[in-house]
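Residue numbering restarts at 1 for every chain, and letters A, B, ... go by the order of the sequence lines.
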There are 2 protein chains.
Amino acid sequence: MPFTPVQKVSAYESIVLQIESAIANGDLKAGDRLPGERKLMADFSVSRATVREALRVLQATGVVESRPGDPRGPVISHYSPRLLEKSMSQLARLDSVSRVEVLQFRLLLEGSATRLAARNRSEADLDLITARLRELEASIQADGAKFFSEHVSRFHAAIRRASGNQLIEICGNVIGGITAELMVRRLHTDADQLAIVQRSALDGARLVEAISARDAEGAAAVQVENIYRFYADDLDPAEVDALRPFVDASPVVE
Amino acid sequence: MPFTPVQKVSAYESIVLQIESAIANGDLKAGDRLPGERKLMADFSVSRATVREALRVLQATGVVESRPGDPRGPVISHYSPRLLEKSMSQLARLDSVSRVEVLQFRLLLEGSATRLAARNRSEADLDLITARLRELEASIQADGAKFFSEHVSRFHAAIRRASGNQLIEICGNVIGGITAELMVRRLHTDADQLAIVQRSALDGARLVEAISARDAEGAAAVQVENIYRFYADDLDPAEVDALRPFVDASPVVE
DNA sequence: GCGGGTTTACTGGTCTGACCAGTAAACGGA
DNA sequence: TCCGTTTACTGGTCAGACCAGTAAACCCGC
């Protein structure tokens with residue numbers, strides 16, 4: 001018998017559902033305004049407390065934004081990766097998720113982003129990437145490894161942007177942010193910071209060259225190899241072994 | 001001047017922040033209980049309405065769960081991919097995100113999941129994958145394309161599970177769910193459903209063989225090729241072109 | 001007629017205090 | 001010792017109130 005389990009939905013949940021489906025089917029779209037809380041409480045015939053709880057969850061899930069005092073009411077948000085960021089770092093921080101899994105995922109995303117960037121980049125993309133590389137180099141010249149993590153993040157972000165795939169770009173940004181913490185720790189524990197960082201900048205230059213030449217496989221290989229080498233010393237043999245497939249999948253073309 | 005923009009945090013936000021950081025630094029962990037709302041309102045010295053709004057956003061972001069009548073109070077949740085699912089389908093459904101981007105991402109994830117599965121699968125993994133393939137074949141025998149999408153999803157999910165990378169697994173599950181809609185539409189519009197579906201099942205058999213033989217590259221190639229072919233007819237040449245790199249990166253080994 | 005300060009009518013944020021249906025643990029009788 | 005009953009409490013909802021803050025309407029001097 002195809003009975004479905006009953007699910008009692010509370011008043012505020014029903015409001016959330018109604019508003020979400022109004023957005024899903026196009027009745028409401030980003031930028032539109034919801035009525036104020038007092039109007040909503042009349043529309044749904046619930047108390048204000050209930051309306052507010054509904055608005056709170058819509059706000060927490062990035063669906064609407066409200067500002068006190070605004071007579072125009074809450075506004076349907078434009079997309080922001082905030083929620084994705086939050087949920088993915090939640091996942092990555094799980095005890096059951098190992099460093100290796102995070103690094104595998106990173107290699108995967110950065111590798112493809114780079115491959116796509118080399119294929120699809122516009123001149124403007126290339127300019128931005130080059131500019132970010134220059135900033136990175138200048139920062140190393142001036143302050144050594146001090147601001148390396150910030151600048152290399154921006155450099156990589158520019159490459160992801162050039163990939164033309166927003167899914168890869170945004171997931172890459174998120175994972176990049178998470179691994180940035182690892183990176184800072186990595187640099188902190190290593191005496192030979194400067195050598196590592198300079199090596200990374202050199203790889204960056206080769207990378208930009210390959211992207212500029214639209215050499216997708218070459219670019220991806222340099223990128224993946226660079227990231228891999230950055231963490232490799234820190235990992236034990238088993239971990240290294242688990243990472244190899246992601247590096248070898250993009251053989252370095254010399 | 002390094003001034004930081006002031007950010008007034010409201011009462012309920014402060015509560016959310018405090019509870020979240022208590023979890024982050026280990027004072028609270030999954031399974032632990034929060035005091036009831038009345039106790040919390042005394043602890044934070046705010047009204048119950050404020051406590052409830054805080055609990056609502058914690059609940060919406062999957063941090064806590066509460067059940068009416070439970071004298072033990074709200075409980076800190078175990079991780080669930082619900083939020084990740086929600087935020088990623090939010091992203092994938094954006095108008096600015098094209099079908100091709102979603103499919104690229106899917107090829108990327110399924111390809112690596114398969115590669116890893118072939119390397120890392122346990123015997124139990126292999127058994128489960130095989131069982132899912134048998135179910136898929138039986139379903140086609142009995143009902144043709146009718147339940148294809150459900151069964152093939154479960155088959156792929158089993159492979160992702162065997163990959164041993166939870167990031168790839170969960171993201172793959174999410175994207176799988178999203179593309180399942182595309183799949184249903186695809187099958188609906190095609191007169192030759194049965195042929196497509198049978199072909200897919202054949203690929204599945206080759207896939208299981210390769211995973212069983214721990215042939216990572218072979219498995220990945222079959223998987224990616226299969227998914228690609230499934231949608232290829234539906235796409236225009238430019239879209240096909242954007243997908244090729246993801247297919248060619250795993251050359252078919254005959 | 002037109003800018004710029006002032007008023008005003010609202011907004012969202014918070015509080016108090018109340019009632020209800022439902023739960024789980026303590027209680028009590030067999 | 002077991003099982004039904006009570007009970008004290010839970011979360012969900014409501015009504016009504018106050019406040020700080022906003023934006024648009026207003027009005028005044030020019």
Record whether the side chain of B:Arg38 comes under 3.5 Å of the base of D:dG11 through a donor-acceptor pair of N or O atoms. yes

With a 3.5 Å cut-off and heavy atoms only, can you find an N or O donor on one side and an acceptor on the other between the side chain of A:Arg48 and the base of C:dG13? yes

Write down the distance between [atom1] ([X]) and [atom2] ([N]), rounded to a whole number of angstrom.
| X | N | atom1 | atom2 | answer |
| --- | --- | --- | --- | --- |
| B:Leu55 | D:dG11 | CG | C1' | 10 Å |
| B:Glu13 | C:dG13 | CD | C1' | 11 Å |
| B:Arg33 | D:dC9 | CZ | P | 18 Å |
| B:Phe44 | C:dG13 | CZ | C1' | 18 Å |
| B:Arg56 | D:dT13 | CZ | P | 7 Å |
| A:Glu65 | C:dG13 | CD | C1' | 17 Å |
| B:Ile15 | C:dG13 | CD1 | P | 14 Å |
| A:Glu53 | C:dG13 | CD | P | 13 Å |

Is B:Glu65 close to B:Pro74 at the side-chain level, that is, under 4.5 Å between some pair of heavy atoms? no

Please determine, for the side chain of [X], which listed nucleotide ([options]) has the closest atom?
| X | options | result |
| --- | --- | --- |
| A:Ala49 | D:dC14, D:dG11, C:dT14 | D:dC14 |
| A:Ser47 | C:dC15, D:dC14, C:dG12 | D:dC14 |
| A:Val46 | D:dC14, D:dG12, C:dC15 | D:dC14 |
| B:Thr50 | D:dG12, D:dC14, C:dT14 | C:dT14 |
| B:Glu37 | C:dG12, D:dA23, D:dG11 | D:dG11 |

Please determine, by modelled atom types, if [X] and [Y] share a side-chain donor-acceptor pair under 3.5 angstrom.
| X | Y | result |
| --- | --- | --- |
| B:Ser163 | B:Glu169 | no |
| B:Arg56 | A:Tyr12 | yes |
| A:Ser153 | A:Glu150 | no |

Return whichever of A:Asp70 or B:Gly73 has its heavy-atom-nearest nucleotide of DNA chain D closer to the 5' end. B:Gly73

Please compare A:Pro71 and A:Ser10 by the position of their nearest nucleotide in DNA chain D and report the one closer to 5'. A:Ser10

More 5' along DNA chain C: A:Lys39 or B:Tyr12, using each one's nearest nucleotide? A:Lys39

Using heavy-atom distances to pick each residue's nearest nucleotide on DNA chain C, tell me which of A:Lys8 and A:Arg72 is more 5'. A:Arg72

Give a yes or no answer on whether the side chain of B:Ser21 reaches the backbone of B:Ala24 with a donor-acceptor pair at less than 3.5 Å. no

May I ask you to evaluate whether A:Arg67 reaches the phosphate of D:dA23, defined as a side-chain N or O under 4.0 Å from OP1 or OP2? yes

